[in-house]
Undergrad: 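Quick one: this structure, given as structure tokens, is what I'll be asking you about.
Computation of the quantities below employed the complete heavy-atom set of this structure, encompassing side-chain atoms and omitting hydrogens, waters and symmetry-equivalent molecules. Reminder, nothing fancy here: chain letters follow the sequence lines and each chain counts from 1.
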Number of protein chains: 2
Amino acid sequence: MTRKQLHFVQSLGRGLAVLQAFSAERSSLKLSEIAQITGLNVTAAQRFTDTLMQLGFIHRDKHREFHLTPKVLSLGFAFLNGSQLKRLGADLMDRCSQRLNRTMNMAVLDGDAVVFLHRSETQRFLKFDLQAGSRLPSHSTGTGKALLAGLEDNELFHKLENMELTQVTSYTLTTPRTLWDDFMEIRKRGYAICDREMNLSLYSLGAPVFNGEGKTVAAINISLSVEEAKGDQPKKMLEELWDLSREISLSMGWDGPYPAYPPPAPWPGQED
Amino acid sequence: MTRKQLHFVQSLGRGLAVLQAFSAERSSLKLSEIAQITGLNVTAAQRFTDTLMQLGFIHRDKHREFHLTPKVLSLGFAFLNGSQLKRLGADLMDRCSQRLNRTMNMAVLDGDAVVFLHRSETQRFLKFDLQAGSRLPSHSTGTGKALLAGLEDNELFHKLENMELTQVTSYTLTTPRTLWDDFMEIRKRGYAICDREMNLSLYSLGAPVFNGEGKTVAAINISLSVEEAKGDQPKKMLEELWDLSREISLSMGWDGPYPAYPPPAPWPGQED
DNA sequence: TCTTTTGTTTCGCTGAATGGTAGTAGACTG
DNA sequence: CAGTCTACTACCATTCAGCGAAACAAAAGA
């Protein structure tokens, strides 16, 4: 792990590593497990667990196993509720979702994953349980593709070359080259189509949200079942989605040409 | 801030303080503001912001202001999805919520606040927007009161004496003594009533969830408008809520007498 | 029971973390 | 545009916070 040594507070890094050792699958850990996962020696791990306990972020049950406490949620909550995006967009999205009787989501990019900020639910059955904070691979979701298409060419290229392109279904695009072409289509069209790439019964449309500088800061999506996608539903939904994305972008300060995607560019890698 | 000095890793504490300096209201901070809020000198604050940036938890915009990144959500998400409670209870609650066409919530206690873990939404209008991670004062919510009533007597007393009992509406109970009496009623009845104590048009019923040892680990609630609460709706809702709480407790391993609240106890403080 | 694994405590060493100072870049003002 | 803030960055000597080995204690298995 090469990291600029200058100005890096080791103890903070290690302590956060301890917090991150917990996950949905590994929700209770023994001291020795924490030490193993983080690569710390046991004594050090103990110092950090002690500290985190005193701060109330983890707690130890009677079997001497550590768990995260609800306090860790408060960190994420500060982010969610402080985000201008959510404040401005959530209401607009809720209303649109109600009107269409469709579940919609708003997401941002974090590393190679899309993270959901807000979900407007409806009664419809197609229940694909996501909630604020959920993460999904970006290359196989409507929101993810709408977001990736908004990156600068070189950043996009670099990311494609380095990210893991998991084959989620047989429809998932898994090579940098094919995805690049898809993104260029998205830039032209202004919206993303994700047809069974995430789930064999799911057809999702994703549209970007731009901030005052025309940078892609978020994406919204609307899902249809594959059945519905055969009719003229997509067209209608797309219009609504498009209008909504425009409206949210406007409230974020973008009043320039729409969409504000960069112009399509040729594949910058070696042809093979 | 008195804190056991032994085995407390200062740098971790300070670094986390920097993260916690951000909130919904203060979502973007300058270096000097961070230093001021955390009580660190500027140089130290810089070391921590540097570290947190390198770790991807915060980022700095072009106006040199710091923001949290979506990465902080992942910490809370590990907690949410690792919680047995949520895994077991969410589905049961969703189904119940659908059947009754009522929004329900599940919450746990964290310090003096209730933190919502899961929300089962319905179309109903009474929209009081909460989402996983939201925090509310515990003394004025149905879930909060159901949770507090489950504390050990001395813990409950101590908490009541030390927590801030904000007067949210004119109905909110704000003295330790009156709340104590209310909690004893809750222990007898097995459920909490929160009538306009949080919001003048809200009537909420809260029921506890017990774990395998009979400890109160969570609470669920169902809300009615004050209008509806006048009829025989509460009775019906209560039955459903009660059954659900029992069912969730059972799946958590509690098969003893119900409810598993401690027995009512007299007010331990000085009479005045 | 004994053995193995896991967790706790101690302690001397060292460099990570500290905070003062001085220098620099932006922002605001008149 | 000079002048004056204030906010931020870079540097560096000092030192104590954090470190890990090792000895000890306590659970968990067998």
Undergrad: Short question: side chain of A:Ser138, backbone of A:Asp112 - any donor-acceptor pair under 3.5 Å?
TA: yes
Undergrad: Would you say the side-chain atoms of B:Glu247 pair up with the backbone N or O of B:Leu244, donor to acceptor, closer than 3.5 Å?
TA: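 Checked: no pair found.
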Undergrad: Can a side-chain donor-acceptor contact be found between A:Tyr258 and A:Ser245 if the only test is distance below 3.5 angstrom?
TA: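 On atom types as modelled, these side chains qualify, holding a pair under 3.5 Å.
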Undergrad: Using a cut-off of less than 4.0 Å, is there contact between a side-chain N or O of B:Ser11 and OP1 or OP2 of C:dA16?
TA: no
Undergrad: Indicate yes or no for a side-chain donor-acceptor contact from B:Ser23 to the backbone of A:Ala78 under 3.5 Å, with no hydrogens or angles considered.
TA: no
Undergrad: Are the side chain of A:Trp180 and the backbone N or O of A:Ala265 linked by a donor-acceptor pair below 3.5 Å?
TA: yes
Undergrad: Once you round it to whole Å, what is the distance between P of C:dG19 and CG of B:Asp50?
TA: 16 Å
Undergrad: Assess the pair B:Phe210 and B:Tyr261: is the distance between their ring centroids shorter than 6.0 Å?
TA: yes
Undergrad: Return the angle between end axes of the helix from C:dT8-D:dA23 to C:dA27-D:dT4, with five pairs used per end and rounding to 10°.
TA: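 If I round to tens, the end axes sit 50° apart.
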Undergrad: Please give, in whole Å, the distance from C:dG23 C1' to B:Gln46 CD?
TA: 13 Å
Undergrad: Name the residue closer to the 5' end of DNA chain C, choosing between B:Arg64 and A:Glu33 according to the nucleotide with the nearest heavy atom.
TA: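 By nearest-heavy-atom nucleotide position, the 5'-most residue is A:Glu33.
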Undergrad: Can you measure B:Leu40 atom CG to C:dG19 atom C1' for me and round it to whole angstrom units?
TA: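 The distance from CG of B:Leu40 to C1' of C:dG19 comes to 11 Å, rounded to the nearest Å.
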Undergrad: Under a plain distance cut-off of 3.5 Å, with no hydrogens placed, do A:His118 and A:Asn105 share a side-chain donor-acceptor pair?
TA: no
Undergrad: If you compare every side-chain N and O of B:Gln10 against the phosphate oxygens of D:dA17 (OP1, OP2), does one of them come in below 4.0 Å?
TA: no
Undergrad: Could you state the atom-to-atom distance from CD1 of A:Ile34 to C1' of C:dT6 in whole Å?
TA: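 The distance from CD1 of A:Ile34 to C1' of C:dT6 comes to 13 Å, rounded to the nearest Å.
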Undergrad: When you check the phosphate oxygens OP1 and OP2 of C:dT8, does a side-chain N or O of A:Arg60 lie under 4.0 Å from one of them?
TA: yes
Undergrad: If I take atom CE in residue A:Met53 and atom C1' in nucleotide C:dT8, what distance separates them, rounded to the nearest angstrom?
TA: 14 Å
Undergrad: Closest-nucleotide mapping onto DNA chain C: is B:Asn41 or A:Lys30 further toward the 5' terminus? I mean the 5' end.
TA: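 Upstream on the strand: A:Lys30.
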Undergrad: Using atom NZ of B:Lys62 as one end and atom P of D:dA7 as the other, report the distance to the nearest whole Å.
TA: 20 Å
Undergrad: Using whole Å, report how far CZ of A:Phe48 lies from P of C:dA16.
TA: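 Value for this atom pair: 13 Å.
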Undergrad: Return no unless some side-chain N or O of B:Arg14 is found under 4.0 Å from OP1 or OP2 of D:dG18.
TA: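 So the side-chain polar atoms of B:Arg14 never come under 4.0 Å of the phosphate oxygens OP1 or OP2 of D:dG18.
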Undergrad: If only side-chain N and O atoms of A:Thr43 are considered, is one of them under 4.0 Å from the OP1 or OP2 phosphate oxygen of C:dT8?
TA: no
Undergrad: Return the value, rounded to whole Å, for the distance between atom CD of A:Glu65 and atom P of C:dT5.
TA: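 Computing the A:Glu65:CD to C:dT5:P distance gives 18 Å.
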Undergrad: Below 4.0 angstrom from OP1 or OP2 of D:dC19, is there any side-chain N or O of A:Arg47?
TA: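 Result: yes.
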